[in-house]
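Following: one structure in structure tokens, then a few remarks.
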Amino acid sequence: MVAPAASSSEQCFTGIWRGTIGTADVTMQLDDDPGELGGLTGSYYYGRSLNELVLLPVAGHAGRWKEHDMAGTVTGLLSMTCRAGRLEGQWSRPDGSEKKTIVAVSGSSFRARQFEKLPIQVNKTVILDRQRRYQLISVKGIPGVQGVRVLGNTPELRRLNGELSTLFKQRLENLLDCQGFGRIKHADTWRQFVEDSASSILAYGSHFVVVEEVAVSACGGPHGNSIITAWTWNLQTGAREDVSKWVRKGWAPPPYPSTDLDDETDENEKADIDTSDTDSLVADALNRHIQTHSREEWEECRDAVTLPFDDEHVWAERSGIVVRPEARSYATRLCAITFTIPYELIWPYLTNDGKHHANAMRQSLP
């Protein structure tokens with residue numbers, strides 16, 4: 001016996017919709033829920049509001065949903081039909097009163113209208129000197145995401161603020177998606193679903209700005225996760241700086257020390273490179289960091305992490321080059337301790353540009 005095809009009605013409903021309920025603009029998304037709820041679940045918001053209403057299917061009634069507010073209270077009933085990229089139907093209060101017409105057409109972005117004009121508030125303005133100033137910002141009513149913007153109007157700072165704005169919106173979207181998922185799947189405990197993040201400035205010099213990101217994620221998986229990372233912005237080029245390239249070719253931290261040199265490395269540079277004690281250099285920096293934090297398990301942790309030396313795991317600070325290890329498993333995550341290799345230790349391995357940049361970083365303001 002051939003299984004019945006998926007409901008064409010549900011396939012029609014699935015997607016993003018832009019339209020009106022009564023005279024108010026709304027943006028809606030509906031998607032298949034493969035879990036215990038069955039049918040289609042979704043959410044929608046009025047105008048540019050960040051207070052989304054969750055839609056849960058009414059059992060045994062295709063094309064009908066209960067609307068839930070942030071407190072989990074049923075605040076409305078929606079009954080809709082779908083045909084050829086168009087929704088039509090009716091909204092009413094739970095008791096059937098105050099009916100309003102629903103009309104919507106297929107759209108392309110669920111959060112575009114929300115993010116058109118976010119209610120940004122300034123939490124703190126930091127003044128380092130007359131030229132170097134920045135602000136810590138958030139969205140009014142949503143404390144889980146902190147962003148940062150640099151004050152100034154040079155082309156390089158405008159590009160940096162564009163990057164920071166994009167990052168801020170991505171983090172905000174992650175938080176809203178996580179909360180929406182929690183409200184649909186776990187209505188009683190959805191406030192435990194977090195995707196919080198905070199950006200700030202670690203260092204601000206004449207050549208570079210270092211942006212730190214702290215993120216805490218617990219969005220329904222078996223384990224939560226937290227991470228501290230950073231990235232370096234070059235104010236002269238107006239782009240992200242790959243700090244790993246400040247180090248000479250052929251240098252690599254353990255557990256993958258490399259003595260192989262790139263074929264394009266010239267003979268004079270080869271003569272200056274000595275990777276024989278690379279392991280001890282990084283081990284010393286990491287070991288001193290571990291001891292500072294009352295952890296003496298370097299030998300135990302040594303095989304529990306990898307030390308990628310790339311632009312995603314390496315950044316610059318005033319005191320040195322920072323490396324963020326990757327844990328090989330969730331069980332060994334406590335071994336992934338970010339550590340700093342002081343400039344005086346890594347100096348012999350820096351390129352000429354790297355030494356120039358390191359000197360510039362040393363003059364940065366915290």
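Remember, predicted model here, so these are calculated numbers, not experimental data. For the single chain, residues carry numbers from 1 onward in sequence order.
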Could you check if a side-chain atom of [X] sits within less than 4.5 angstrom of a side-chain atom of [Y], using non-hydrogen atoms only?
X: W347; Y: I341; value: no
X: I21; Y: T101; value: no
X: V322; Y: V314; value: no
X: Y134; Y: L128; value: yes
X: M28; Y: R18; value: no
X: Y204; Y: V126; value: no
X: R93; Y: K99; value: no
X: V247; Y: K245; value: no

ILVMFWY network linking [X] to [Y], side-chain heavy atoms under 4.5 angstrom:
X: W17; Y: M80; value: yes
X: Y343; Y: L202; value: yes
X: F339; Y: Y349; value: yes

Give a yes or no on this: more than 12 heavy atoms of other residues, nucleotides or ligands lie within 6.0 Å of atom [atom1] of [X].
X: D95; atom1: CG; result: yes
X: L151; atom1: CG; result: yes
X: K355; atom1: NZ; result: yes

Between [Y] and [X], does any NZ, NE, NH1 or NH2 come within less than 4.0 Å of an OD or OE carboxylate oxygen?
X: R111; Y: E52; value: yes
X: D25; Y: R113; value: yes
X: E88; Y: R86; value: yes
X: E195; Y: R171; value: no

* **Aromatic contact, W246 with F208 (centres under 6.0 Å)** =>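 That pair passes the under 6.0 Å test.
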* Please report the closest heavy-atom contact between L164 and R149, naming both atoms and the distance. =>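 The pair with the smallest heavy-atom distance is CD1-CA, 4.1 Å.
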Would you please say whether a donor-acceptor pair under 3.5 Å links the side chains of [X] and [Y]?
X: D353; Y: H356; result: no
X: E213; Y: W231; result: yes
X: N153; Y: R158; result: yes

* Kindly indicate, with the supporting measurements, whether the criterion side chain to side chain donor-acceptor pair (under 3.5 Å) is fulfilled by T14 and D31. => CA-CA 5 Å; T14 300; D31 199 5; 5.0 Å; no
* To do: Show your reasoning for whether side chain to side chain donor-acceptor pair (under 3.5 Å) applies to S79 and Q90.
  => CA-CA 5 Å; S79 178; Q90 188 177 77; over 6 Å; no
With a 3.5 Å distance limit and no angle check, can you tell me whether [X] reaches the backbone of [Y] through a side-chain donor-acceptor pair?
X: T166; Y: G162; value: yes
X: R318; Y: S364; value: yes
X: Y45; Y: F110; value: yes

* Check V323, T338, V211 against W315 for a side chain to side chain contact (heavy atoms under 4.5 Å, CB included) and give me the one that passes. =>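 Answer after filtering V323, T338, V211: T338.
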* Under the side chain to side chain donor-acceptor pair (under 3.5 Å) criterion, do D242 and S244 qualify, and how do the steps go? -> CA-CA 5 Å; D242 185 351; S244 68; 2.5 Å; yes
